[in-house]
Amino acid sequence: MTTTILFAAPEDAWDAYRAPLTEALDATGIDYRLARDIPAEEVDYVVYAPSSGLTDFTPFPRLKAVLSLWAGVEKIVGNPKLTVPLARMVDDEGLTQGMVEYVTGHVLRHHLGMDAHIVNPAHAWVNKAPPLARERPVTVLGLGMLGRACARQLAQIGFPVTGWSRTPREIEGLRCLSGSEGLSEALAGAQIVVTLLPFTPQTENTLGATELAQLAEGACIVNPGRGQLIDDEALLAALDSGRLGHATLDVFRIEPLPQDHPFWDHPKVTVTPHIAAETRADSASRVIAENVRRGVTGEPLLHLVDRDAGY
Ligand code: NDP
Ligand code: OXD
């Protein structure tokens, strides 16, 4: 029987995914039909992006699973109209590599104090060298697929890296802490903090005024996780008071970031427009195709979301 796959994502995503996804599905050898318009009663799998606007999965009686093109699933995980398994995007070749490059670049920018040399209208000759990486404690909040890869790369460069997760983890080369009791220890004295947590009811405002006050004086934040992880007002207050040095923010409570948001013009905030790690169509298509193949052959799906944990 033909397996039907509905591609529920905007047109530009279809343009990008149509050829690589077809190629990846062909390579699995399964009999399938892939399209953007399939009668609901015939759909077996939905390839899903939140921007599709699809929220009601009840008209799909044959639906076996929803396969998210996004890693973060906060917009769909609690959906009561979705009762089949939900898999999220985990793609080492594309998404993870992109995040490692983004995080490493922005951490090194802050570590090396690059800004002072890139824009120096006073032609100031301040020849104070930055410390070595080994003298700069970095904390990564979230030790999942992305946080772990970034933390490992930063440790490889030489930073003493502390990672923080919900459940206890042991990862070679990192100091791993967990749970609410581990958070203060993870933040205490950190000079650069990278936030790679999912947005769940438990992670909202993980960095509020109290937590920001635990960081080293002049610490920098790099947030490619979700905007809700940080209390915006507390962040602005800490930047304005000089307590924090800089925040590089890729994700926001409202996206696109409203034109009049104070982050745009703040001298200590760098706004990047949710580009830290894009899903890459070629490698992500292979991840989707492998999960469809698994579904068809009755093997367990990869990257299933824990609906109770919310990520
Ligand atoms: P994972 O699900 O693999 O990892 C999540 C990590 O967060 C885990 O280590 C988990 O702990 C930890 N965590 C979850 N809840 C808590 C909590 N309450 N307290 C402490 N730790 C917690 O996610 P990924 O690494 O794949 O992705 C992380 C996030 O990155 C995504 O959810 C998304 O929001 C964001 N993202 C942003 C992109 C961008 O371009 N800006 C691109 C892709 C993703 P444990 O290990 O115990 O499970
Ligand atoms: C994702 C993202 O979750 O792009 O994949 O933020």
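Keep in mind that the numbers below use all heavy atoms, side chains included, and drop hydrogens, waters and symmetry copies. Atoms within a ligand are numbered from 1 in the order they appear, just like the ligands themselves. Because the structure is a prediction, the values reported are computed rather than measured.
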Exercise. Evaluate the side-chain contact (heavy atoms from CB on, under 4.5 Å) criterion for residues L239 and L235: first the C-alpha distance (whole Å), next the side-chain angles of each, then the deciding distance (0.1 Å), finally the verdict.
Key: CA-CA 6 Å; L239 290 164; L235 177 63; 3.9 Å; yes
Practice problem: Take E23 and S285 through the side-chain contact (heavy atoms from CB on, under 4.5 Å) test and state the conclusion after the steps. | Solution: CA-CA 8 Å; E23 189 182 328; S285 290; over 6 Å; no
Practice problem: I would like to know whether I192 and H111 meet side-chain contact (heavy atoms from CB on, under 4.5 Å); could you show each step before the answer? | Solution: CA-CA 8 Å; I192 301 178; H111 166 61; 4.2 Å; yes
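When the salt bridge (Lys or Arg N to Asp or Glu O under 4.0 Å) test is applied to E204, the partners found at least two apart in sequence or on another chain are R253.
With a heavy-atom cut-off of 4.0 Å, R88 touches ligand 1 through its side chain alone. In D250, the part holding a heavy atom less than 4.0 Å from any atom of ligand 1 is the side chain. The proximity of T203 to ligand 1, defined as any non-hydrogen pair under 4.0 Å, is limited to the side chain. Counting heavy atoms closer than 4.0 Å to ligand 1, residue M99 contributes side-chain atoms (C-beta onward) but none from N, CA, C or O. With a 4.0 Å cut-off on non-hydrogen atoms, R226 touches ligand 1 through its side chain and not its backbone. Contacts between V90 and ligand 1 below 4.0 angstrom, taking non-hydrogen atoms only, are absent altogether. Residue contacts with ligand 1, taken as heavy atom pairs separated by less than 4.0 Å, do not involve E278 at all.
Two residues are said to be in side-chain contact when any heavy atoms from C-beta on lie closer than 4.5 Å; L174 and L143 meet this criterion. Residues N79 and F57 meet the side-chain proximity criterion, which asks for heavy atoms closer than 4.5 Å. A heavy-atom distance below 4.5 Å is found between the side chains of F7 and L34. Annotation: side chain of Y102 is in contact with side chain of T272 (closest heavy-atom distance under 4.5 Å).
In this structure, T4 contributes its side chain and D44 its backbone to a donor-acceptor pair below 3.5 Å.
The nearest heavy-atom contact from the protein to atom 12 (C) of ligand 1 is L197 CD2, 3.9 Å. Regarding atom 47 (O) of ligand 1, its nearest protein heavy-atom neighbour is T167 OG1, 2.5 Å. Considering only non-hydrogen protein atoms, atom 42 (C) of ligand 1 sits nearest to A277 O, 3.3 Å. The nearest heavy-atom contact from the protein to atom 35 (C) of ligand 1 is G225 O, 3.5 Å. Scanning the protein for heavy atoms near atom 9 (O) of ligand 1, the closest one is L143 N, 2.8 Å. Nearest protein heavy-atom contact of atom 31 (C) of ligand 1 is G72 CA, 4.0 Å. Scanning the protein heavy atoms around atom 48 (O) of ligand 1, the nearest turns out to be Y311 OH, 2.5 Å. In this structure, atom 11 (O) of ligand 1 lies nearest to the protein heavy atom R166 N, 3.1 Å.
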For ligand 2, list all ligand N or O to protein N or O distances below 3.5 Å, rounded to 0.1 Å.
unit_1   : atom_1 : unit_2 : atom_2 : d
ligand 2 : 3 (O)  : A71    : N      : 3.2
ligand 2 : 3 (O)  : G72    : N      : 2.7
ligand 2 : 3 (O)  : R226   : NH2    : 2.9
ligand 2 : 4 (O)  : H274   : NE2    : 3.3
ligand 2 : 5 (O)  : A71    : N      : 2.8
ligand 2 : 6 (O)  : R226   : NH1    : 2.9
ligand 2 : 6 (O)  : R226   : NH2    : 3.2
ligand 2 : 6 (O)  : H274   : NE2    : 2.6

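Residue contact check for ligand 1: F199 places no non-hydrogen atom closer than 4.0 Å to it.
A donor and an acceptor atom, one from each side chain of D91 and S283, are located under 3.5 Å apart. Residues H110 and T248 bring a donor and an acceptor atom of their side chains to less than 3.5 Å of each other. For the residue pair Q97 and E101, a side-chain donor N or O sits within less than 3.5 Å of a side-chain acceptor on the partner. Side chains of R109 and T270: a donor-acceptor N/O pair is present below 3.5 angstrom, by distance only.
Applying the 4.0 Å criterion to heavy atoms of G142 picks out, from ligand 1, the atoms 6 (C), 7 (O), 9 (O). Numbered from 1 in the order shown, with element, the atoms of ligand 1 that lie under 4.0 Å from a heavy atom of L196 read 28 (C), 30 (O). Which parts of ligand 1 touch V251 is read off a 4.0 Å heavy-atom cut-off, strictly below it: atoms 41 (N). Of all atoms in ligand 1, listed by their number and element, those nearer than 4.0 Å to a heavy atom of R169 are 45 (P), 46 (O), 47 (O), 48 (O). Of all atoms in ligand 1, listed by their number and element, those nearer than 4.0 Å to a heavy atom of A71 are 43 (C), 44 (C). Those atoms of ligand 1 that come under 4.0 Å of a heavy atom in P224, given as number and element, are 35 (C), 36 (N), 37 (C), 38 (C), 39 (C), 41 (N). Residue H274 approaches ligand 1 through these ligand atoms, each under 4.0 Å from one of its heavy atoms: 39 (C), 40 (O), 41 (N).
Between E290 and R286 there is no salt bridge, since no side-chain N of the basic residue sits under 4.0 Å from a carboxylate O of the acidic one.
The one candidate from V107, I221, T104 that meets the side-chain contact (heavy atoms from CB on, under 4.5 Å) condition with V194 is V107. When each of L141, T195, L207, T200 is tested with L229 by the rule side-chain contact (heavy atoms from CB on, under 4.5 Å), just one qualifies, namely T195.
Here atom 30 (O) of ligand 1 lies nearest to L146 when heavy atoms of L141, V140, L146 are compared. Relative to atom 7 (O) of ligand 1, the option among S165, G310, P198, G144 with the closest non-hydrogen atom is P198.
Between C176 and R169, the closest heavy-atom pair is CB-O, 3.1 Å. The two residues A190 and A186 come nearest to each other via the heavy atoms CB-O, 4.1 Å. The two residues G227 and D232 come nearest to each other via the heavy atoms O-OD1, 4.3 Å.
Between Q202 and ligand 1, no N or O atom pair is found at a separation short of 3.5 Å.
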